[in-house]
Amino acid sequence: VQLQASGGGLVQPGGSLRLACAASRSIFTMGWYRQPPGKQRELVATISSAGSTNYADSVKGRFTISRDNAKNTVYLQMNSLKPEDTAVYYCNGKFFADYWGKGTLVTVSS
């Protein structure tokens with residue numbers, strides 16, 4: 001299984017970005033994790049093939065995860081971004097094992 005993420009970049013505080021991750025096949029659960037500078041990787045959000053979602057408390061109400069099963073693609077809409085959202089964001093897929101995409105850097109700074 002290959003995962004290809006896109007959409008990172010530099011944004012000002014309060015701004016928005018959308019990340020996308022395309023998988024090479026259908027996957028049960030897809031999600032996003034992030035690793036802030038100097039910190040460990042942490043969960044951001046996950047979504048099952050049925051559409052059930054789970055969010056980290058720090059992003060609830062600001063981030064929205066969604067998926068297009070026909071395209072094997074998961075999205076992360078990030079609104080009201082804060083400097084503490086700065087991190088490398090990794091796409092994750094679970095299909096009898098964990099699969100990871102290459103990270104995409106999100107920098108929130110004025």
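The shown structure was predicted, so the numbers you read here are calculated from the model rather than taken from an experiment.
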- Task: Kindly indicate whether the side chain of Pro36, heavy atoms from C-beta on, has any atom under 4.5 Å from the side chain of Glu42.
- Result: yes

- Message: Check whether Arg18 reaches the backbone of Gln77 with its side chain - one donor and one acceptor, N or O, closer than 3.5 Å.
- Response: no

- Check the side chains of Tyr89 and Arg34 for a donor-acceptor pair under 3.5 angstrom, ignoring hydrogens and angles. yes

- Task: Tell me, with the steps shown, if Phe63 and Trp32 meet side-chain contact (heavy atoms from CB on, under 4.5 Å).
- Result: CA-CA 11 Å; Phe63 291 11; Trp32 293 94; over 6 Å; no

- Query: Does a side-chain heavy-atom distance below 4.5 Å link Thr46 with Asn92?
  - Reply: no

- Task: Taking the six-membered ring of Phe95 (Phe, Tyr or Trp), confirm whether the NZ or CZ of Arg25 is under 6.0 Å from its centre and within 45° of its axis.
- Result: yes

- Note on the structure: When Val59, Thr107, Leu17 are each screened for side-chain contact (heavy atoms from CB on, under 4.5 Å) with Leu81, the one that passes is Leu17

- Message: With a 6.0 Å cut-off on the ring centroids, do Tyr33 and Trp100 count as close?
- Response: yes

- Measuring from Leu76:CG to Tyr55:OH, what's the distance to the nearest 0.5 Å? 7.5 Å

- Minimal non-hydrogen separation, Tyr90 against Gly101, with atom names: CD2-O, 3.6 Å

- Item | Modelled atom types, side-chain donor and acceptor of Ser16 and Asn79, under 3.5 Å | yes

- Message: Could you report the tightest heavy-atom contact between Leu3 and Cys21, atom names first, then the distance?
- Response: CB-SG, 3.8 Å

- Task: Search all heavy atoms of Val74 against all heavy atoms of Met30 and return the closest pair with its distance.
- Result: CG1-CE, 3.6 Å

- Please report the closest heavy-atom contact between Ala5 and Cys91, naming both atoms and the distance. CB-CB, 4.4 Å

- Task: State the CG-OG distance between Asn72 and Ser49, to the nearest 0.5 angstrom.
- Result: 11.0 Å

- Item | Separation between CE of Met78 and CG of Leu19, rounded to the nearest 0.5 Å | 4.0 Å

- Does Thr86 reach the main-chain N or O of Glu84 with its side chain, forming a donor-acceptor pair under 3.5 Å? no

- Lys/Arg-Asp/Glu bridge criterion (N-O < 4.0 Å) met for Lys82, Asp85: no

- Note on the structure: Here the gap from Asn69 atom CG to Ser26 atom OG, rounded to the nearest 0.5 Å, amounts to 8.0 Å

- Note on the structure: Nearest heavy-atom approach of Pro13 to Ser110 is CD-N, 3.7 Å

- Tyr99 side chain to Ala23 main-chain N or O, any donor-acceptor pair under 3.5 Å? no

- Are side-chain heavy atoms of Ile47 and Ser52 found at a separation under 4.5 Å? no

- Message: Measuring from atom CZ of Arg41 to atom CG of Leu43, what distance do you get when rounded to the nearest 0.5 angstrom?
- Response: 12.0 Å

- Would you give the length of the straight line joining atom OG1 of Thr53 to atom CZ of Arg67, rounded to the nearest 0.5 angstrom? 11.5 Å

- Does atom CD of Gln35 have more than 12 heavy-atom neighbours, drawn from other residues, nucleotides or ligands, at distances under 6.0 Å? yes

